[in-house]
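Encoded as structure tokens, the structure appears first; notes follow it.
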Amino acid sequence: MESMLLRLFFPPPLLIKAMSVVCVVSLGKVGLSEVRGKHLQYSKFLNIDEKKSNKKQTQVSSRTGMLIAYTPSFLTAAVSFGLFPNEDLRFLFVKSTLTFHFFKRILEVLFIHRYSGGVEVESLTPITLSYFTSSVFIIYAQHLTQGLPEPAVDLKYPGIVLFLIGIIGNFYHHRLLSKLRSKNDKEYKVPKGGLFDLVICPHYLFEILGILGISLSAQTLYAFSFFIGSTLYLMGRSYATRRWYLSQFKDFPRDVKALIPFVF
């Protein structure tokens with residue numbers, strides 16, 4: 001098993017091993033909480049549990065909240081070009097994909113998404129820290145590979161292809177979601193078109209593919225752990241999203257899955 005891992009990943013030092021475990025466990029726990037009905041308070045799940053608590057939470061607008069969530073990670077990835085200017089091609093791929101991923105997110109927040117609510121600061125804080133620490137450790141883990149022998153199986157070029165598929169598919173379905181509402185419309189509707197006829201969260205599916213692309217480009221244990229953890233969280237969130245649509249729309253088609261067409 002260990003020899004197979006060494007064929008796919010650079011050998012990780014102890015700190016990277018430890019942070020990889022933390023990444024998978026923490027994101028997986030949040031995904032399980034989504035399935036159990038304890039949601040991060042943003043989007044359609046904002047205030048969904050308000051009857052269970054009399055405690056008033058501080059909120060910011062969704063646009064402001066998402067900018068706060070994505071900007072530190074974008075800046076971290078962008079600054080890495082200056083901190084590590086003369087690294088190898090693989091490191092350049094990792095820095096570039098990570099920077100573009102969060103730059104795209106910021107552009108979508110500013111110009112694509114149509115928001116209807118807010119984000120609780122209590123949820124925004126762990127979201128921001130998760131993105132930020134993951135970006136830092138993806139870059140740091142890649143820096144530690146410099147000078148090491150390449151893995152026997154080179155996955156950086158398939159990784160770039162998967163990243164591009166993920167980015168394009170995610171953007172396309174975000175555009176479809178934005179077209180559901182006019183400028184001042186705040187009502188939710190059942191999305192149509194693209195893969196929305198098969199799953200309720202195709203944008204999550206393509207996000208997972210994009211993160212897998214970054215992971216394959218990096219071929220570090222931490223980047224792969226971030227992919228696994230993100231997948232677990234988005235599985236939980238998509239499951240909760242499908243359950244929400246079933247409860248809100250009587251005509252919601254039950255054959256539409258949560259994340260993976262025909263399967264999940």
Decide, yes or no, whether a salt bridge links Glu34 with Lys29 under the criterion of side-chain N to carboxylate O below 4.0 Å.
no
Sidechain N-carboxylate O distance under 4.0 Å for Glu108, Lys104:
yes
Answer yes or no: does atom [atom1] of [X] have more than 12 heavy-atom neighbours from other residues, nucleotides or ligands under 6.0 Å?
X: Arg175; atom1: CZ; value: no
X: Phe103; atom1: CZ; value: no
X: Tyr239; atom1: OH; value: no

Check: [X] side chain, [Y] main-chain N or O, donor-acceptor pair, under 3.5 Å:
X: Ser62; Y: Gly117; answer: yes
X: Ser238; Y: Cys201; answer: no
X: Glu207; Y: Asn170; answer: no
X: Ser123; Y: Gln41; answer: yes
X: Thr64; Y: Val60; answer: no
X: Arg105; Y: Tyr70; answer: no
X: Arg237; Y: Leu40; answer: yes
X: Gln219; Y: Val153; answer: yes
X: Ser247; Y: Trp244; answer: yes
X: Gln248; Y: Leu246; answer: no

Is the positively charged end of Lys95 above the ring of Phe81, judged by distance under 6.0 angstrom from the centroid and angle within 45° of the axis?
yes
Under the 6.0 Å and 45° cation-pi test, does Arg181 pair with Tyr188?
yes
Consider side chain to side chain contact (heavy atoms under 4.5 Å, CB included). Of Leu98, Thr76, Thr220, which one does Ile138 pass it with?
Leu98
Give the table of side-chain donor-acceptor pairs shorter than 3.5 Å for residues 250-259, with sequence neighbours excluded, one pair per line with atom names and distance.
none

Which word best sums up how the rings of Phe91 and His143 line up, parallel for under 30°, tilted for 30 to 60°, or perpendicular for over 60°?
tilted
Parallel, tilted or perpendicular, judged at 30° and 60°: which one describes the rings of Tyr140 and Phe137?
perpendicular
Run the salt bridge (Lys or Arg N to Asp or Glu O under 4.0 Å) test against Arg90 and tell me which residues pass, sequence neighbours left out.
Glu150, Asp154
Set out, in order, the CA-CA distance, both residues' side-chain angles and the distance that settles side chain to side chain contact (heavy atoms under 4.5 Å, CB included) for Lys192 and Leu176, then state yes or no.
CA-CA 8 Å; Lys192 301 289 183 182; Leu176 291 180; over 6 Å; no
Nearest non-hydrogen partners of Ile211 and Phe227, listed with the distance
CG2-CA, 3.7 Å
Write down the atom of Ile127, the atom of Ala69, and the distance for their closest heavy-atom approach.
CG2-CB, 4.1 Å
ring-ring contact (aromatic ring centres under 6.0 Å, His included) between Phe102 and Tyr131, intermediate numbers included:
CA-CA 10 Å; Phe102 287 107; Tyr131 281 135; 5.6 Å; yes
